[in-house]
Visitor: 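Here it is: the structure, laid out below.
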Amino acid sequence: MANDKPIPVDQLPPVVSALSEVVVVEARLRLVRWVFPGSLVLIILGQLKPLAHHFFAPFPWMASGLGLWGCISAAHWAFEGRQSMTKSGKNKWVYIFLVVSVVVLIVVVFAVPNLDDKKLAYTFGVLFVVVLVVVAFAVPKPTDFQYAVFRIVLALAAAGVAAMIPGILEVSISNWLRAGGALAVFVIVFFKSPAALVANPK
Amino acid sequence: MNKIDECLRAFWISKLGVDRLDRLQGGSTDQSPQEKGLSIMGQLREQPQRFYDLMLEGFDGYFHQSVYARTFGKKSMAGPLAELPIGKSQGDVEWWAQFGSTSKGRTRVLAGARKRMEFLSETDKIVRHTVAVPVLAEALHSRLQIRVLTVQSTVTTWSDLLGVRIRRILTPVIDNELADMLFNALKPLSPGLGDMHDLSAQAVELMKDTDRVHTFSGTFGVRLVGRTRHASEGGQLGRRRPLHVVMPQEFEELISAERIRHCEIEIQDEWNGLPRGTAVVLYPMEGKIIFRRMLGVGVINDFLAYLAR
Amino acid sequence: MISWLTWPVEWLARILSKRRKQKIEIALQEAGFVDAKQWHTLNRISKDEASEQLELAVTNGILEKMFLYEGHDSPITFVVPETLLDTHVLLSEIDAFSEEGRKLFVSSNFTRPVYVAPRS
């Protein structure tokens, strides 16, 4: 092969410009981890009607639009770097999360115009449950803070899912709390911490 | 074992030095080192393991030798080395004997690297013989060290060894080549043989101790684009003077470098097992150390352990 | 592909990596190659991460992997592709003209991997 020759190092071109590209690729992969979830949050915020009243009328469109743009951009670069992401330990779970979220997002985007509030809550509930299942494998030994966050999110997600489940559930805790329906599910999941896990002993 | 191989083994034994040979014989004699070696081989005929013990002793303190150091990170070669089939061969390397214990993370295997040598006799005929040069592989925790006996010999020596008048040695014995043979023989044991242990930092530390170590030449890398060499030449009575005396500015440059390609040092005061007068050449970036002059017994292992920190 | 759709992450990545790029330019200047140890020091990441990043850059075609011969028997420093490991090279081929005719055995045991800009 023409390129199979030894090369004195003084004849090598400077490697700095190629390394700059390596740095940008690494920055992209790191950003993907933050931009995608951040964009999802923007989309969710854009769907919350009370916020539109709080800010200004075009807020939902702008937030959802920006969020969608961010998601597509992040998903594109995650796909471009899929070889890198699936080989790297911690990035592998981020990649799985992204793929699952994109699929759910596409379903949600098409289904949202036809959903009422209950179905919307259910859809996001399912989404977050799936996310937490992935996170459970990616973070097998969460810190106390991480566990507290997971508890809140799981409780919200369970409440969302329960919104679509028929039946009556009522919960009372002492004389300071009474809840029914989806809220009751939230209270049970949050306060009773199902599947108690052993956090890292400190 | 044929006569030539017995002569060769006596030759290796003779490299232990006159003092050690006299102690082994139980007294000083007028014989040449090769004759002393032959006499000792005669005593060892019934005890082959004793020859291997003497070789190990030689590597530990008497032989002029080249040492190649490699690092393994978290892995260790002690286990794989301990499982080598002693008495068998792998390619051109015969596994002679094993020493040490894997429970202490240290295993040493003595081997013979077979090199086909060619000589031109006085009658212009090509004489060929396969010579087994002693080499040692040692695994110490996360390090692998290969030691190769330095073979410097004259036409007269080879004539005596082969029993044929030799005019020229056609095949030089190069330490890198023998080390390569041993590395390649060890490759089946482990997916990788680690990395060359860069001893630049240790070399700089050594050179900085100008009370106990004199540096006569050094080559260092200039960023990643070149190299510079500083060497002192002869002083009074043809004796070289150290760099820190004759060119202090250049010496400062050398000891400020991150990558040392080569340095030649001499021990001035007993230091980490090496006696005064020991001459060592280091090729730090390759992880190679050559013991050029060993005056009597030196405890090389202490020095190597210091370098491997 | 940097289209208007994928622009946000790309733009942010280039902004955020500007400082790191400047630091690398100052450290490496005209250097023709980099190794995992230098990359680990420059970026303050673990050695394993540094190796992984460089290997992935090779997979993505951003860098090319070569092997730097460290033996002291060579008068000049040179790199070889993997196909030339454990073969003989003519020193005159690497511009060591004073060593005309001398061959050098480039043993894989005395080389280490380095990463260079891809040759076109």
Side-chain angles (χ1 to χ4, degrees), chain A residues 1-39 42 65-92 95 98, chain C residues 1 3-17 20-21 24-25 27-34 39 42-43 45 49 52-57 59-60 62-64 66 68-69 76-81 83-84 89-91 93-96 104 106 114-119:
Chain A
M1 280 177 66
N3 275 344
D4 275 5
K5 277 166 48 171
I7 307 172
V9 295
D10 61 322
Q11 287 181 19
L12 291 170
V15 73
V16 159
S17 51
L19 287 175
S20 298
E21 207 43 45
V22 174
V23 165
V24 170
V25 166
E26 285 305 307
R28 267 190 231 132
L29 290 179
R30 276 202 313 273
L31 268 175
V32 157
R33 274 190 259 163
W34 295 103
V35 167
F36 194 87
S39 302
L42 263 180
L66 268 172
L68 203 60
W69 195 19
C71 278
I72 291 170
S73 180
H76 165 80
W77 287 117
F79 181 74
E80 284 285 312
R82 61 193 180 283
Q83 223 169 9
S84 318
M85 295 194 83
T86 49
K87 272 185 182 167
S88 161
K90 54 186 173 189
N91 280 336
K92 191 169 70 170
Y95 188 70
L98 286 179
Chain C
M1 176 182 115
S3 73
W4 64 272
L5 208 53
T6 56
W7 176 80
V9 169
E10 179 64 19
W11 176 73
L12 274 170
R14 290 203 179 266
I15 298 267
L16 292 173
S17 54
R20 218 170 130 203
K21 282 196 280 187
I24 289 166
E25 268 166 39
L28 293 178
Q29 293 179 21
E30 296 292 307
F33 64 87
V34 73
W39 196 239
L42 274 172
N43 293 289
I45 51 179
E49 261 184 74
E52 208 181 276
Q53 280 184 15
L54 292 170
E55 286 294 327
L56 286 171
T59 311
N60 295 331
I62 302 171
L63 291 173
E64 190 177 342
M66 300 280 264
L68 180 74
Y69 183 67
I76 61 173
T77 315
F78 64 95
V79 296
V80 295
T83 45
L84 285 184
V89 301
L90 265 174
L91 282 170
E93 265 186 6
I94 42 170
D95 296 348
L104 187 73
V106 182
V114 294
Y115 302 86
V116 305
R119 294 167 292 159

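Bear in mind that the values here come from a model prediction, so they are computed numbers and not experimental data. The figures that follow rest on heavy atoms only: side chains count, while hydrogens, waters and symmetry mates do not.
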Visitor: Can you measure from CD1 (C/Ile45) to CD (A/Glu26) and round to the nearest 0.5 angstrom?
Guide: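 Going from CD1 on C/Ile45 over to CD on A/Glu26, the span is 7.0 Å.
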Visitor: Quick check on A/Val22 against chain C: is it the side chain, the backbone, both or neither that has a heavy atom closer than 4.5 Å?
Guide: both
Visitor: At a 4.5 Å cut-off on heavy atoms, which part of C/Tyr115 comes close to chain A: side chain, backbone, both, or neither?
Guide: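 For C/Tyr115, backbone heavy atoms alone lie under 4.5 Å from chain A.
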Visitor: Once rounded to the nearest 0.5 Å, what's the spacing between atom CG of A/Leu29 and atom CG of C/Leu56?
Guide: 8.5 Å
Visitor: Given side-chain contact (heavy atoms from CB on, under 4.5 Å), test C/Lys21 with A/Val16 step by step and report yes or no.
Guide: CA-CA 8 Å; C/Lys21 282 196 280 187; A/Val16 159; over 6 Å; no
Visitor: Distance-only, no hydrogens or angles: does the C/Ser17 side chain make a donor-acceptor pair with backbone N or O of A/Ala27 under 3.5 Å?
Guide: no
Visitor: Considering only heavy atoms and a distance below 4.5 Å, find which of C/Val116, C/Val9, C/Thr77, C/Leu68 pairs most often with chain A.
Guide: C/Val9
Visitor: Pick one of side chain, backbone, both or neither for C/Ile62, based on which atoms fall under 4.5 Å of a heavy atom in chain A.
Guide: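 Both backbone and side chain.
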Visitor: CG/A/Asp10 to CD1/C/Ile76 distance, rounded to the nearest 0.5 angstrom?
Guide: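 One gets 7.0 Å once the value is rounded to the nearest 0.5 Å.
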Visitor: In sequence, state the C-alpha distance, the side-chain angles, and the governing distance for A/Lys5 and C/Val89, and then conclude on side-chain contact (heavy atoms from CB on, under 4.5 Å).
Guide: CA-CA 9 Å; A/Lys5 277 166 48 171; C/Val89 301; over 6 Å; no
Visitor: Would you give the length of the straight line joining atom OG of A/Ser20 to atom CD of C/Glu25, rounded to the nearest 0.5 angstrom?
Guide: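 One finds 5.5 Å between OG of A/Ser20 and CD of C/Glu25.
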Visitor: Shortest non-hydrogen contact from C/Leu63 to A/Ala18?
Guide: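 It is CD2-CB, 3.6 Å.
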Visitor: Of the non-hydrogen atoms in C/Phe78 and A/Pro6, which two are nearest, and what is the gap between them?
Guide: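 For C/Phe78 versus A/Pro6, the nearest heavy atoms are CD1-CB, 3.9 Å.
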Visitor: So, for A/Leu12 and C/Phe33, which heavy atoms are closest and what is the spacing to 0.1 Å?
Guide: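 Shortest heavy-atom separation between A/Leu12 and C/Phe33 comes out as CD1-CD2, 4.2 Å.
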Visitor: Is chain A contacted by the side chain of C/Leu90, its backbone, both, or neither, given a heavy-atom distance below 4.5 Å?
Guide: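 For C/Leu90, neither part sits under 4.5 Å from chain A.
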Visitor: Measuring heavy-atom distances to chain A, does C/Leu12 have an atom under 4.5 Å in its side chain, in its backbone, in both, or in neither?
Guide: both
Visitor: Output the distance between atom CD (A/Glu21) and atom CG (C/Asn60), rounded to the nearest 0.5 Å.
Guide: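 Those atoms lie 10.0 Å apart.
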Visitor: side-chain contact (heavy atoms from CB on, under 4.5 Å) for C/Val79 and A/Val9? Distances and angles first, verdict last.
Guide: CA-CA 7 Å; C/Val79 296; A/Val9 295; 4.1 Å; yes
Visitor: Find the distance between CD1 (C/Ile24) and CG (A/Leu19) and round it off to the nearest 0.5 Å.
Guide: 6.0 Å
Visitor: So which residue, C/Asn43, C/Val80, C/Val106, C/Leu84, ends up with the most heavy-atom pairs under 4.5 Å with chain A?
Guide: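 Top option by heavy-atom pairs under 4.5 Å: C/Leu84.
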Visitor: Please classify the contact of C/Gln29 with chain A as side chain, backbone, both or neither, using a heavy-atom distance under 4.5 Å.
Guide: backbone
Visitor: Tell me whether the count of non-hydrogen atoms from other residues, nucleotides or ligands lying under 6.0 Å of CD in C/Glu30 goes above 12.
Guide: no
